[in-house]
There are 2 protein chains.
Amino acid sequence: MLIDPKHLHILSAIVDAGGMSQGARNLGKSQPSLSRIVADLEARLGESLFEKGRRPLQPTELCTRLASEGRVIARATQQAQDIASQFISGHAGSVRVAGTPIFMDGVISTIIAGFQDEFPELRVDQSYGYAEELIEALRAGTVDTCVCPMEPGDVPDDIGFQRILKGRNVIACGSAHPLARKKSLRLEEISEFPWITQPAGSPLYQDLRDVLDSIGISDFKVSYSGGTLSSIINVLAGSKALTVLPFSVVYMQPKNTIVALPIRIEHPKRELGMLWNDMESQSPAKRRFIRYMTKRFAGISQAVAERQRQEIWRE
Amino acid sequence: MLIDPKHLHILSAIVDAGGMSQGARNLGKSQPSLSRIVADLEARLGESLFEKGRRPLQPTELCTRLASEGRVIARATQQAQDIASQFISGHAGSVRVAGTPIFMDGVISTIIAGFQDEFPELRVDQSYGYAEELIEALRAGTVDTCVCPMEPGDVPDDIGFQRILKGRNVIACGSAHPLARKKSLRLEEISEFPWITQPAGSPLYQDLRDVLDSIGISDFKVSYSGGTLSSIINVLAGSKALTVLPFSVVYMQPKNTIVALPIRIEHPKRELGMLWNDMESQSPAKRRFIRYMTKRFAGISQAVAERQRQEIWRE
DNA sequence: AATTAACATAGCATTATGCTATATTATTTG
DNA sequence: CAAATAATATAGCATAATGCTATGTTAATT
């Protein structure tokens, strides 16, 4: 003797409408449908649900109590309906984003803020990692999308990649740094200052080495390492140390904290991009996030390049 | 795009069981059933509910949220199930009992106490009235059963009647009354005391008149009227007034409050009985109540008659 | 008594659901 | 890495549930 929750819902609709005909209209069904469902229920329960022979339909006590459970069911079903449509339209759900620390802290988090402003019901779970582990995480399904500097050729075939920003590094220092005011610099001038480095495995560490190699500095002094971006910026701002950072990160910082030195250094071969595993199986929220990011970066990319041209290349 | 609450319930069962096979076992269904229902739901939502190609079945975010609504539905359905079976077995529900005030207060309420002790989930709604209005209320369906002194011949054909107690009246007084200690009384002795009466329309008022008429007292002094039983008893106990009461009422009172005088007075033609409208359409709880009352009174009726024989008739 | 509005029933078409048998597939084991 | 295992997916078929329209009944109203 099992009761179908749908029947309880229908019962509540009849009781609330005050009759079968109106109840049927409210539910978008025909009156005979409800009539039969009620009759079946009565037969299966062995109890009548409406006083018979009364025309403003009068629910029995049992009916009233079952109808109140029906209301709970109706509410939960509606809720599920809403959740589903919110979810399908990409207005509800969550995205798990991972990426390299400096970019996540320095650029992506600000863009995420804009995303959350536009889609307040969407939850973003952020985590950190470098290329190999990120791809690993994508494959394991513990992360939905990653932001990571990659050489496009290094992206495995099974992983989607969308470039969002060109790789442009600069040498950065605190805005009070003695070199900060100079219009032009000779390479020798920077050699006396100590350096802030990223962890050895990180792309930026490699970039730093490459830059100094190309300038001819093979032996450099490291004054600070291991901090996340906010620590690095504090150290830069309060000391004479230098570091290599993506220009986009410098660009996104508030004025008067750090600046980029007007020295052209070589572009890293990596480009910042978004990675994903299987776009088709992504939920709408996740697709929406990726769409949003690539779209926002289309604009930002321009602005960053323009500013860099003005500030570093002085054209 | 309507979601069936049953499907949400099934979804929650699958998620909670950690897989379809176990979920199917828990629900008492076959695994292919669930598999298809999930596939249909996915097709209709256009979103997958379980990560595909993962074997410990892993619900997607959407699935998790829908399942949590499913749990609400499962709980409400179970609740409805419980309500129904409690109700059908007569262990839940309510009974609306009406009756004449003195009997309700003096006898029935005590029996109701026993009923509620045995069926604590059953609610009793009590109200008061006299024969015509009671029958009216039964027909209107505002009351389920009535307790009322009636002449069996006066019961309308459409109303069921079950005698529960013979009509036996006595003259009652406070236990400290000067007449209370006498073994036998002459009729003249009672004529000097004032009387407590019921409202003019009540059966007991008629009984009082009949009694005094038969004794030859046509002109009697009324000292108090209009009170319900507890007032009447207080007035009896604290004054020298007399009144006519059913012996059953006197019998049910605690010792040393009121007593019945050893004077044989004529039996009223009315007998206390239970009335109902249509036994078939009564809910189990109401049937159970009527059953309980008639059964309890089968015993009480004996005890009352026996005691009355001893106390009044002195046989 | 006639009218009206609602509920009940009948009949039929369609969909949903149930099952068993069997194919696939992810994971574990040897 | 192949075999074994255990779970899910699919196919096919029978049955139950549900939908509708048309129509019969009935309680309330005029």
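Here is how names work: the chains are called A, B, and so on, in the same order as the sequence lines, proteins then strands, and each is numbered from 1.
- Among residue pairs with one or both ends in residues 126-163 of chain B, none qualify as ring-ring contact (aromatic ring centres under 6.0 Å, His included); sequence neighbours excluded.
- Residues forming a salt bridge (charged side-chain N to carboxylate O under 4.0 Å, His left out) with A:D105 (at least two apart in sequence, or on another chain): none.
- Listed by first then second residue, pairs satisfying ring-ring contact (aromatic ring centres under 6.0 Å, His included) with a partner in residues 78-101 of chain A read A:H91-A:F119, not counting sequence neighbours.
- Residue pairs meeting the ring-ring contact (aromatic ring centres under 6.0 Å, His included) criterion with at least one member in residues 28-57 of chain B: none, sequence neighbours excluded.
- Counting only distance, with no hydrogens or angles, the side chain of B:E51 and the backbone of B:Q58 share no donor-acceptor pair below 3.5 Å.
- Within the structure, ring-ring contact (aromatic ring centres under 6.0 Å, His included) pairs that include any residue of residues 270-289 of chain A comprise A:F115-A:F289 (at least two apart or interchain).
- A:I37 comes within contact range of the sugar-phosphate backbone alone, with a heavy-atom separation under 4.0 Å but no base atom that close.
- At a non-hydrogen distance threshold of 4.0 Å, nothing from residues 6-17 of chain B comes into contact with DNA chain D.
- In the model, B:Q78 has a side-chain atom that pairs as donor or acceptor with a side-chain atom of B:D82 under 3.5 Å.
- For the OP1/OP2 pair of D:dC20 and a distance below 4.0 Å, the side-chain nitrogens and oxygens of A:K29 include no atom meeting the criterion.
- Scanning residues 60-77 of chain A for heavy-atom distances under 4.0 Å to DNA chain C yields an empty list.
- Partners of B:D154 by side-chain contact (heavy atoms from CB on, under 4.5 Å), not counting sequence neighbours, listed by chain and number: B:M150, B:E151.
- Across the helix from C:dA1-D:dT30 to C:dG30-D:dC1, the helix axis at one end is tilted relative to the axis at the other end by 30° (nearest 10 degrees, each axis from five pairs).
- Checked against side-chain contact (heavy atoms from CB on, under 4.5 Å), B:A137 has the following partners two or more places apart in sequence or in another chain: B:T142, B:V143.
- For residues 62-75 of chain B, every residue pair satisfying the salt bridge (charged side-chain N to carboxylate O under 4.0 Å, His left out) rule, not counting sequence neighbours, is listed here: B:D16-B:R71.
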Protein proximity profile, nucleotides 6-11 of chain C - base contact B, sugar-phosphate-only contact S, no contact -, cut-off 4.0 Å on heavy atoms: BBBB-B
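- Side-chain polar atoms of A:E61 and B:S94 form a donor-acceptor pair below 3.5 angstrom.
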